[in-house]
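To start, the structure itself, in structure tokens.
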Amino acid sequence: MKRQLIKHVLQRDDIGSTVEVAGWIRTRRDSKGGFSFLEMNDGSSFDGLQVIADGSLPNYQSEIQQLHIGAAASVVGELVESPGAGQRIELRATEIVVHGWADPESYPLQKKRISFERLRELAHLRPRTNTFGAVARIRNALAASTHRFFQDRDFLYLHTPIITGSDAEGAGDMFRVTTFDPASPPRTEDHQVDYSQDFFGRPTFLTVSGQLEAETYASALSNVYTFGPTFRSENSNTRRHLAEFWMIEPEMAFADNHDNADLAEEYLRYLFRGLLDDHSRDLDFFNQWVDEGLIDRLTSVADREFERITYGEAIDVLQKAETQFDFPVQWGSDLQSEHERYLTEAAFGRPVIVTDYPFDIKAFYMRRNDDHTTVAALDVLVPGVGEIIGGSQREERLEVLADSLERKGLDAADYWWYADLRRFGSVPHAGFGLGFERLVQFSTGMQNIRDVIAFPRTPHNAEF
RNA sequence: UCCGGGGUAGCUCAAUUGGCAGAGCACCGGACUGUUAAUCCGUAGGUUGUGGGUUCGAGUCCCACCCCCGGAGCCA
């Protein structure tokens, strides 16, 4: 007999059929009537299947009554209507095979609520909990929807390199990649580390962004997107930062920053509509136990247009605000977290796309506006999470790019191939980067980013 | 990295001006004729994050370090 996933069994109505399921025991409740209830979950859905284990089963006393949370078992049984409240159907077992025991004395997961902090120390077991099972399914759904969204619009999925030779991508501190023995690397005559003898014959690092590479393929295949891991070695200790995270970076040729904003908004609203339509059971759980306003917020984001303002307009709004900010609001300085939060939570109560930031506070590759002081940048701010997308139209004019590199203190020689895109068949193009974990945070209401990725990498944390 | 809070039983937390380290849950044993995150009774459970120091006596006070959480910065 072929084992069925519980998500499918729960939808069946062919009462009397024989089915086989397998999974992990969540709880056993013994009835006074000489039989037991087993709640079994295989991760295929939020809800588990209730199994009725009658006292007449041959291994009832020897095994079934020893089952506890965490044990793995498979069950063959008859699908019956459940006389109890709380479930439509249940499985009356004819055979129960225990595959793996879980000693209740030492098994760390309990039937009661366990703090997320504690579960981070149990990252190998936490997917067996309600919350982390639901996070994993939502994360998967968002990944699948992402590919569907871009594939349906003829974006080409591009794999950009994880290891990069560029130490000047300008998006943050980088992890070095080397095969050298750290205790005794080869040295040059003047005692510098001799990277010409390293694996790649030059210093290499883990990527902080696939954008520059993505631009090269957009400059040939029109619309592309990346979806891969990204690494930042900043000593960030917040609930919004990881050292290793996943980023989605679409890049469009023959597109300006308005097209960019349109794409960002359409993409996000598509994702949330999909979750609301197809993953309501998991969302209901988060709405009840994690974040009461979650479903209302996702619905409103999916249904309403985003607010779009320029940086200059944002400064005006903030300067007229009643709120007392810790940091002063003035044109030319970057928006602080408290400012972003005010805009998206208090002022507008929905996602806000802020565009056209001052040149001086943004990256070299962003396209200079005609006012010569701002660039065609774009940040998408969402309530609770803050910046979820950052992007821009790219500078496609060679002379302006060269000027920007110089003004940012960067060496144009390091960007020779990037500049070549502007020498040969240059086109207006634009794109953005979306932090996938921040998207999962927003979609689940989970407060800490370490709880929306399977094995979080943060300073002092790489146990698993 | 900076600021603030914290680390006590397997888990979540108490412990008064420094004075015999407790409770709930989980587990185990028993009770209860279908239960559904905490039904009742009972047993057991500890080098109070680590290392020093003050004191007759330290979970509590002092010093150093480690780790966790929240906020800030960096950003996605």
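All values reported here derive from a predicted model rather than from experimental measurement. To find a chain, count down the sequence lines: A is the first, B the second, and so on, and within it residues start at 1.
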RNA chain B contacts among residues 433-442 of chain A, heavy-atom distance under 4.0 Å = Gly433(A), Gly435(A), Arg438(A)
Taking the same atom, [atom1], in [N] and in [M], what whole-Å distance lies between them?
N      : M      : atom1 : result
U48(B) : G22(B) : P     : 14 Å
G7(B)  : U12(B) : C1'   : 14 Å
A64(B) : C11(B) : P     : 29 Å
G59(B) : A15(B) : P     : 15 Å
A72(B) : C65(B) : P     : 26 Å
C25(B) : C40(B) : C1'   : 15 Å

Give me the distances for all protein-to-nucleotides 10-12 of chain B N/O pairs that come in under 3.5 Å?
from: G10(B); atom 1: N2; to: Gln110(A); atom 2: OE1; distance (Å): 3.1
from: G10(B); atom 1: N2; to: Gln110(A); atom 2: NE2; distance (Å): 3.0
from: G10(B); atom 1: N3; to: Gln110(A); atom 2: NE2; distance (Å): 3.2
from: U12(B); atom 1: OP1; to: Ser115(A); atom 2: OG; distance (Å): 3.1

Taking the side chain of [X] as its heavy atoms from C-beta onward, which of [options] lies nearest to it?
X         : options                : result
Ser236(A) : U35(B), G73(B), A37(B) : G73(B)
Thr238(A) : G73(B), U35(B), A76(B) : G73(B)
Arg239(A) : C67(B), G71(B), A76(B) : G71(B)
Glu340(A) : C69(B), U1(B), C75(B)  : C75(B)

Going by atom types only, do [X] and [Y] share a side-chain donor-acceptor pair under 3.5 Å?
X         : Y         : answer
Ser404(A) : Arg368(A) : yes
Asn369(A) : Thr374(A) : yes
Asn257(A) : Asp259(A) : no
Tyr267(A) : Thr146(A) : yes
Glu215(A) : Tyr365(A) : no
Tyr225(A) : Gln151(A) : yes
Glu437(A) : Gln441(A) : no
Ser209(A) : Glu249(A) : yes

At less than 4.0 Å, is any side-chain N or O atom of [X] found next to OP1 or OP2 of [N]? Yes or no.
X         : N      : result
His460(A) : C68(B) : no
Arg240(A) : A72(B) : yes
Arg29(A)  : U39(B) : no
Gln336(A) : A72(B) : no

Within the structure shown, what part of the strands sits under 4.0 Å from [X] by heavy-atom distance: base, sugar-phosphate, or nothing?
X         : result
Thr27(A)  : nothing
Ile69(A)  : nothing
Glu338(A) : nothing
Arg92(A)  : base
Asn448(A) : sugar-phosphate

Across all strands, who's sitting opposite [N] as a Watson-Crick or G-U wobble pair, both distances under 3.5 Å?
N      : result
G45(B) : none
C75(B) : none
C25(B) : G10(B)
G70(B) : C3(B)
A15(B) : none

Under-3.5 Å donor-acceptor pair between [X] side chain and [N] base:
X         : N      : answer
Glu39(A)  : U35(B) : no
Asp30(A)  : U35(B) : no
Glu234(A) : U1(B)  : no

query = Mind checking whether Tyr311(A) and Tyr357(A) have parallel, tilted or perpendicular rings, split at 30° and 60°?
reply = tilted
message = Is it the case that the ring center of Tyr157(A) lies less than 6.0 angstrom away from the ring center of His159(A)?
response = yes
key: Whole-Å gap separating C1' (A26(B)) and NE2 (His68(A))   = 11 Å
key: For atom CG of Leu122(A) and atom P of C68(B), their distance in whole Å   =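 Value for this atom pair: 14 Å.
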request  = Taking only Lys NZ, Arg NE, NH1 and NH2, and the carboxylate oxygens of Asp or Glu, determine whether Glu78(A) and Arg92(A) approach each other closer than 4.0 Å.
outcome  = no
key: Lys NZ or Arg CZ of Arg137(A) over Phe46(A) ring: under 6.0 Å, within 45°   =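 Negative - Arg137(A) is either too far from the ring of Phe46(A) or too far off its axis.
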